[in-house]
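Scope of the values below: all heavy atoms of this structure, side chains included, with no hydrogens, waters or symmetry mates.
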Number of protein chains: 2
Amino acid sequence: MTVSRVTIRHVAEAAGVSRQTVSNALVHPERLKAPTLEKVQSVIAELGYRPSSAAQSLRSQRTGAVGFELLAIGSANRNEIIYPFTVALSEMAIGHNCHVVTFSAAGAQSPTEGYEDMIRAQVVDAFIIADTHKGDPRPAWLDKAGVPYAAFGRVWGRPDITSWADVDGAAGLRDATNHLFAVGYAQGGYLGWPFGSSIGDERRRGWIEATTASGRSLGPEAQAEQDLDAATDAAYDLIEQVGRGGAIACASDLLAMGVERAARRRGWVPGRDVGMTGIDDSSYAGMLKLTSVSQPVTTIADYLLGLVHKRLEGGPPPESGALFRPALVTRASSDPNT
Amino acid sequence: MTVSRVTIRHVAEAAGVSRQTVSNALVHPERLKAPTLEKVQSVIAELGYRPSSAAQSLRSQRTGAVGFELLAIGSANRNEIIYPFTVALSEMAIGHNCHVVTFSAAGAQSPTEGYEDMIRAQVVDAFIIADTHKGDPRPAWLDKAGVPYAAFGRVWGRPDITSWADVDGAAGLRDATNHLFAVGYAQGGYLGWPFGSSIGDERRRGWIEATTASGRSLGPEAQAEQDLDAATDAAYDLIEQVGRGGAIACASDLLAMGVERAARRRGWVPGRDVGMTGIDDSSYAGMLKLTSVSQPVTTIADYLLGLVHKRLEGGPPPESGALFRPALVTRASSDPNT
DNA sequence: TGAGCAAATCTGATCGTTCAAATACCGCGG
DNA sequence: CCGCGGTATTTGAACGATCAGATTTGCTCA
């Protein structure tokens, strides 16, 4: 039994009114007299009528869809965030009555080719972009084309672009560091990425701020690339410096995983002998019971969809980008009583 | 400068032909005389015309979109596969000239509510579904509604439904086991999930088949839940049984991770002292340099899109479901020369 | 030269919705 | 009882593409 294609005409006929009246019942209910409205609404419910989005799109020149590019390549680290974010976008889309079209322009000439296609074919009328980087051609192209968009992640090097939301990495590390002190670790070291990465430097700043705000002097710190062996090696010396009863805040879950491995290699129990925290609350943070900082992807998705929606309505861009505070997820790796 | 909304009329006018001729140039080029075709094509290219998908949808009653439900909940294990699969779908969609609409019916009354909405509003005209389970109401609902769909993963308990593709887990474990023997490990044990899970039992069968086919007797085996501590505990005894120079094939990357940890705890170097393989080629398999079996998500995505496309054209369902062979990814964890 | 025919191209109608403008309705004062 | 102002509802047109059927073009052959 095929789901009947109930059109506005069917409803109009069944309710004994005109098509326009049915349309008004949905879009401008205040234009109808109460009894008419009720009658139409009940027929709509009875027949299960839903306006055809294709017809609405044609009429309004709006598709009600936002595009989101999924890149095949990308570090595991990145994917750990992008997938939950994609889910969050899809969830929040309903509330903004739109839907999400994912696309991937593998094998495209230019990075904007996929975007151009989607716009030309009128498949979407706005985009959410992620993984913006310095010199990213996408914001400029979208601006020039007059296509609304909002970015998950700061648009580096373009202070004039304010349609973005990002995670406050400094706040995340402040929370993690404060937590380590609060549960009683004597000293708080830091394992970060090599200096010069904007995100890494921001996270490190959070660790410094929380430490000094607590009236302590900075604990030992070390740097490692986003690689498990490198992290483990760096951590091995670092935990010796903080000693038993100390803890290490890390710039990522992978680095925290390195600390966990280094601790085990030494025969120390993570949490009891040495504490550690990561960032991103990735799948392996859960597996290894690592305390981590969970990115507020749902809040961000909602905010970004709201942004593009406002831009589509012709509203102005926001005053500035938005930073959202991540949430600490405590697990055994930062519990001295483990 | 807004991307101009070039319509078929603009092209027609510029080329000095009628709308229909322009349409034919794209849909039925053989109907045009060579010079006309070339003229029209060059104008199309010049103006950057792309047919409006909204208008096409309205006319054809086809949206050219397939829906894919993203579930917020779900084990980390599952997400490790679903994300690459989502990317693969988005990539392959271009080749089937359709696009992918992700949705999520968080807080829906019934599991089919989101599907019903998408169909009623004519947002998509088919679905790809994942995570089918025994008693899943979705296939039945979709069949009844006459909506084409194809499943990633067998439709358990419904042998009459053949629109699915899955990974041949037995083949994956055969390949992994054969590889372990080929590189010289003396004995091949197995760490699997508790009996009774269809996927787990199938993988175990692959290990048994490869072992007996090689003329050896089965190595030791153990079971553990999909939990790192449980896996590590089970693995600790297991690697003692296979001893140095032995190897363990595992039913999942997480279990292999447990073996890796157990080996390290014993002071053994993964790969050199004891080999291990996982399944899924998840992010942490890469991080830990675990040999794993990579699911052919791209092939499966392409096949499934092809399936729904055929169904939309009115074609018959396939004779049977399709199993695709995964690909072994060798890393240090199965290299005795590490 | 013109009839006959096929191939190439064009016009009309349609998909389902919504805006704008036109019409029907209603109560009230003259 | 008519007309007036205002509200409630209806009709016409349009969004852009494509199918079906009409029309034109181009060619062959009597």
Side-chain angles (χ1 to χ4, degrees), chain A residues 2-41 43-44 47-65 97 119-125, chain B residues 2-41 43-44 47-65 97-98 118-125:
Chain A
T2 299
V3 171
S4 50
R5 293 241 169 282
V6 184
T7 76
I8 205 170
R9 290 193 128 86
H10 299 137
V11 178
E13 204 161 331
V17 296
S18 71
R19 343 183 277 293
Q20 185 60 36
T21 302
V22 179
S23 175
N24 285 336
L26 292 169
V27 190
H28 305 286
E30 76 284 359
R31 290 187 188 166
L32 301 193
K33 263 203 307 211
T36 322
L37 179 58
E38 279 163 36
K39 172 68 184 163
V40 174
Q41 282 173 337
V43 174
I44 286 175
L47 301 184
Y49 166 72
R50 289 282 314 263
S52 151
S53 72
Q56 288 182 316
S57 299
L58 180 57
R59 181 81 247 259
S60 65
Q61 303 290 50
R62 284 280 172 75
T63 66
N97 53 38
I119 286 295
R120 281 257 168 69
Q122 285 175 256
V123 174
V124 301
D125 31 44
Chain B
T2 299
V3 171
S4 50
R5 295 238 168 282
V6 184
T7 76
I8 204 168
R9 289 194 130 86
H10 299 137
V11 178
E13 205 161 331
V17 296
S18 71
R19 334 182 289 287
Q20 185 60 42
T21 303
V22 178
S23 174
N24 284 336
L26 292 169
V27 190
H28 305 286
E30 77 282 0
R31 291 187 186 165
L32 301 193
K33 261 201 313 208
T36 320
L37 179 58
E38 278 164 36
K39 172 69 183 163
V40 174
Q41 282 173 335
V43 174
I44 286 175
L47 300 183
Y49 166 73
R50 288 284 311 265
S52 151
S53 70
Q56 287 182 317
S57 300
L58 180 58
R59 180 81 248 258
S60 64
Q61 305 288 54
R62 285 280 171 75
T63 65
N97 53 39
C98 64
M118 300 289 275
I119 286 296
R120 280 259 168 70
Q122 286 175 259
V123 173
V124 302
D125 30 43

| query | Does a side-chain N or O from A:Gln56 land closer than 4.0 Å to OP1 or OP2 of C:dG16, or not? | reply |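 For C:dG16, OP1/OP2 do not have a side-chain N/O of A:Gln56 under 4.0 Å.
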| Would you say C:dT18 has OP1 or OP2 under 4.0 Å from some side-chain N or O of A:Ser23? | yes
Rounded to whole Å, please give me the gap between [atom1] in [X] and [atom2] in [N].
X: A:Arg9; N: C:dT17; atom1: CZ; atom2: C1'; result: 10 Å
X: B:His10; N: D:dC15; atom1: NE2; atom2: C1'; result: 12 Å
X: A:Leu58; N: C:dC15; atom1: CG; atom2: C1'; result: 9 Å
X: A:Arg5; N: C:dT14; atom1: CZ; atom2: C1'; result: 16 Å
X: B:Asn97; N: D:dA17; atom1: CG; atom2: C1'; result: 15 Å
X: B:Arg62; N: D:dT18; atom1: CZ; atom2: C1'; result: 14 Å
X: B:Gln61; N: C:dT17; atom1: CD; atom2: C1'; result: 12 Å
X: B:Leu26; N: D:dA17; atom1: CG; atom2: P; result: 10 Å

| Should B:Val43 and B:Tyr49 count as side-chain neighbours, where that means a heavy-atom distance under 4.5 Å? | no
| field | Non-hydrogen side-chain atoms of A:Lys33 and A:Thr36 separated by less than 4.5 Å | value | yes
| Side chain of B:Thr7 (C-beta onward), nearest among D:dT18, D:dG16, C:dT17 |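 Of D:dT18, D:dG16, C:dT17, D:dG16 is nearest to the side chain of B:Thr7.
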| query | In terms of heavy-atom contacts, does CD of B:Gln61 have more than 12 from other residues, nucleotides or ligands at under 6.0 Å? | reply | yes
| task | Please check if the side chain of B:Asp125 supplies one atom and the backbone of B:Gly64 the other of a donor-acceptor pair under 3.5 Å. | result |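 At least one qualifying donor-acceptor pair exists.
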| said: So does B:Val17 get a backbone contact from the side chain of B:Thr21, meaning a donor-acceptor N/O pair under 3.5 Å? | reply: no
| note | Which of B:Ser52, B:Pro51, B:Ser57 passes side-chain contact (heavy atoms from CB on, under 4.5 Å) with A:Gln122? Answer is B:Ser52
| task | Indicate, with a heavy-atom threshold strictly under 4.0 Å, whether B:His28 touches base, sugar-phosphate, or nothing. | result | sugar-phosphate
| request: Determine which pairs satisfy salt bridge (Lys or Arg N to Asp or Glu O under 4.0 Å) with at least one residue from residues 47-61 of chain A, sequence neighbours left out, and list them in order. | output: A:Arg50-B:Asp117
| note | Reading nucleotides 8-14 of chain D from 5' to 3' and marking B where a protein heavy atom lies under 4.0 Å of the base, S where only the sugar-phosphate is that close, and - otherwise, the string is SSBBBBB
